Amino acid sequence: MVVLSKPTTEQYSCIRKTATFPTPIVPVVDLSRPEDAKNLIVKACEDFGFFKVINHGVPMEAISKLESEAAEFFSLSLNQKEKAGTPNPFGYGNKKIGRNGDVGWVEYLLLTNNHDYNFMRLTSVFGPKADQFRNVMRDYMGAVRNMACVILELMAEGLKIEQKNVLSNMMMDKESDSIFRLNHYPPYPENFSLDNNGEDVIGFGEHTDPQIISLMRSNNTSGLQICLRDRSWVSVPPDHNSFFVNVGDSLQVLTNGRFRSVRHRVLANGFKSRLSMIYFCGPPLTERIAPLPSLLLNGNEESLYKEFTWLEYKSSAYNTRLADNRLRRFERITAM
Ligand SMILES: C=C1C[C@]23C[C@@]1(O)CC[C@H]2[C@@]12CC[C@H](O)[C@@](C)(C(=O)O1)[C@H]2[C@@H]3C(=O)O
Ligand SMILES: O=C(O)CCC(=O)C(=O)O
Ligand SMILES: [Fe+2]
């Protein structure tokens, strides 16, 4: 068994404990039933910007191999993990998230969809064994990318868009700016007060993801919460056999606000370590992000957003704090 290492510094942030409810309301989409799935996806993206996927087609073998590689990585000494480089933007990070002062009870590895680049970084950590890590990662990312393609095509069908690959093409493009993240939320060290003054320790602070969609799976440790339209927070029961899909800011714009990017966060569990893996589906940097014409009521509806490319949005997003509303500065002020 691999023992996951404990954090070494005492840097973390907290929030007052809030009443949250386990949510039986997370919509479940069964990819083996495409006819039902396309409508369920649209409804879930409108209501929550979030859903769970079962019968996803990602082989269990690819999942468990990556999970063991990830656990092995996080069990290494801090010194060893830091050889992956600082996350600028790709590499190993510990507690600091982004470059604008956010912190969380988390350590992570941020990787690109360029396997050779990842390999180079991982060779500094693993030596010749990096090859195995790269192959396992390539299999996992390939399978998750295919699942994302299926989901985005069903979504387009559900939205009655004629060209069903209009969304999937953006992330299947060889220039796609998709990224991959492994997050590890360690248990608290023994000397840590579990009562913690009645506050919850933040694992990963509240935010929306900037990309089109993100596909997340984790081990069976709780912590993930989503924010509903009425602004209440609900806990999402973990399910290591399923994937969870988030609507990102770019999809909110592509649908002219019909879908909402979901605000989510992770609270540290404290007792059990949580390991999550997230694939963020991004378009090519030059892609224009604007409402799809067929969703603008055949040209009779105005875009709620100013024109921008993914590069412009991403550059602006990476200068914000996690909890900021990153889309605000791209909203159009429309005359009443
Ligand atoms: C504080 C930040 C971390 C983040 C870049 C940002 O400035 C704002 C967006 C954050 C986020 C959230 C989703 C993904 O985890 C992520 C990799 C992304 O693309 O946007 C992170 C960024 C990060 O951790 O660098
Ligand atoms: O680790 C998780 O479960 C979610 C983390 C997350 O939202 C992110 O990395 O963007
Ligand atoms: Fe996220």
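Positions are given from 1 along the sequence. Both counts, for ligands and for their atoms, begin at 1 and track the order of listing. None of these values were measured; they are calculated from a predicted model.
- Using modelled atom types and a 3.5 Å distance limit, the side chains of Thr86 and Asn88 yield no donor-acceptor pair.
- Using a 30° and 60° split on the angle between ring planes, Tyr140 and Phe180 fall in the tilted class, from 30° to 60°.
- Taking the six-membered ring where the residue is Trp, Phe308 and Phe330 present tilted rings, their angle falling between 30° and 60°.
- Both tests pass for Lys314 against the ring of Tyr318: distance under 6.0 Å to the centre and angle within 45° of the axis.
- Under 3.5 Å, the side chains of His264 and Asp209 contain a donor-acceptor pair of N or O atoms.
- Summarising the geometry, atom CG belonging to Asn100 is positioned 8.5 Å from atom CG belonging to Asp324; distances are rounded to the nearest 0.5 Å.
- Here Ile278 has side-chain heavy atoms under 4.0 Å from ligand 2, and that is the only part of it that gets that close.
- Contacts of Ile278 with ligand 1, taken as heavy-atom pairs under 4.0 Å, are absent altogether.
- Ligand 2 places these atoms under 4.0 Å from at least one heavy atom of Phe280: 8 (C), 9 (O), 10 (O).
- Residue contacts with ligand 1, taken as heavy atom pairs separated by less than 4.0 Å, involve Arg326 solely via side-chain atoms from C-beta onward.
- Scanning Met216, Arg274, His207 for the heavy atom closest to atom 3 (O) of ligand 2 points to Arg274.
- For ligand 2 and Ser276, the ligand atoms under 4.0 Å from any heavy atom of the residue are 1 (O), 2 (C), 3 (O).
- Protein heavy atom closest to atom 7 (O) of ligand 1, with residue, atom name and distance, is Thr320 O, 2.9 Å.
- For the pair Tyr108 and ligand 2, no heavy-atom separation below 4.0 Å is found.
- Note: an N/O pair closer than 3.5 Å links Gln211 and ligand 1 by distance alone.
- For His207, every heavy-atom contact with ligand 1 shorter than 4.0 Å involves the side chain, none the backbone.
- Considering backbone and side-chain atoms together, Tyr318 places an N or O closer than 3.5 Å to an N or O of ligand 1.
- Relative to the ring axis of Tyr305, Arg332 does not place its NZ or CZ within 45° and under 6.0 Å from the centre.
- Nearest protein heavy-atom contact of atom 10 (C) of ligand 1 is Leu322 CD2, 3.9 Å.
- Against a heavy-atom cut-off of under 4.0 Å, Asp102 is close to the following atoms of ligand 1: 1 (C).
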Item to complete: Verify side chain to side chain donor-acceptor pair (under 3.5 Å) between Tyr185 and Asn269, making sure each step is shown before the conclusion.
Response: CA-CA 8 Å; Tyr185 304 86; Asn269 176 291; over 6 Å; no

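- Ring centroids of Trp105 and Phe204 are separated by 6.0 Å or more, keeping the two rings apart.
- Atom 4 (C) of ligand 2 has its closest protein heavy atom at Val266 CG2, 3.6 Å.
- Close approach of ligand 2 to His264 (heavy-atom distance below 4.0 Å) involves ligand atoms 7 (O).
- What sits closest to atom 13 (C) of ligand 1 on the protein, heavy atoms only, is Asp209 OD1, 3.3 Å.
- If you number the atoms of ligand 1 from 1 as listed, the ones under 4.0 Å from a heavy atom of Ile179 come out as 17 (C), 19 (O).
- The closest protein non-hydrogen atom to atom 5 (C) of ligand 2 is Asn183 ND2, 3.3 Å.
- Here the angle centred on the Fe ion (ligand 3), running from NE2 of His207 over to NE2 of His264, is 90°, rounded to 10°.
- Rounding to the nearest 0.5 angstrom, the gap separating the CZ atom in Arg217 from the CZ atom in Phe244 is 10.0 Å.
- In terms of protein heavy-atom proximity, atom 3 (C) of ligand 1 is nearest to Gly98 CA, 3.7 Å.
- Taking every non-hydrogen atom of Arg181 and a distance limit under 4.0 Å, the qualifying atoms of ligand 2 come out as 9 (O).
- Only side-chain heavy atoms of Asn100 come within less than 4.0 Å of ligand 1; its backbone N, CA, C and O stay farther off.
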query: Passes side chain to side chain contact (heavy atoms under 4.5 Å, CB included), Glu72 versus Ser68? Steps please.
result: CA-CA 6 Å; Glu72 189 177 339; Ser68 334; over 6 Å; no

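- When the options Leu228, Val234, Ile226 are evaluated for a side-chain contact (heavy atoms from CB on, under 4.5 Å) with Phe50, the one that passes is Ile226.
- Ranking the protein heavy atoms by distance from atom 23 (C) of ligand 1 puts Arg181 NH1, 3.8 Å first.
- The environment of NZ in Lys43 is sparse: at most 12 heavy-atom neighbours from other residues, nucleotides or ligands sit within 6.0 Å.
- Among protein heavy atoms, the minimum distance from atom 11 (C) of ligand 1 is reached at Pro210 CD, 4.3 Å.
- A side-chain hydrogen bond (donor to acceptor under 3.5 Å, both in side chains) with Tyr92 is found for one member of Glu82, Lys83, Arg121, Glu107 and no other, namely Glu107.
- Within Asp209, the N, O or S atom lying nearest to the Fe ion (ligand 3) carries the name OD1.
- Atoms of ligand 2 lying under 4.0 Å from any heavy atom of Asp209, numbered from 1 in the order shown and given with element: 10 (O).
- In summary, the atoms of ligand 1 found under 4.0 Å from a heavy atom of Ala317, numbered by their order in the structure, are 6 (C), 7 (O), 8 (C).
- Two residues are said to be in side-chain contact when any heavy atoms from C-beta on lie closer than 4.5 Å; Trp233 and Cys227 meet this criterion.
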Pair Glu162-Ser294, side chain to side chain contact (heavy atoms under 4.5 Å, CB included): steps then yes or no:
CA-CA 8 Å; Glu162 219 167 281; Ser294 63; over 6 Å; no

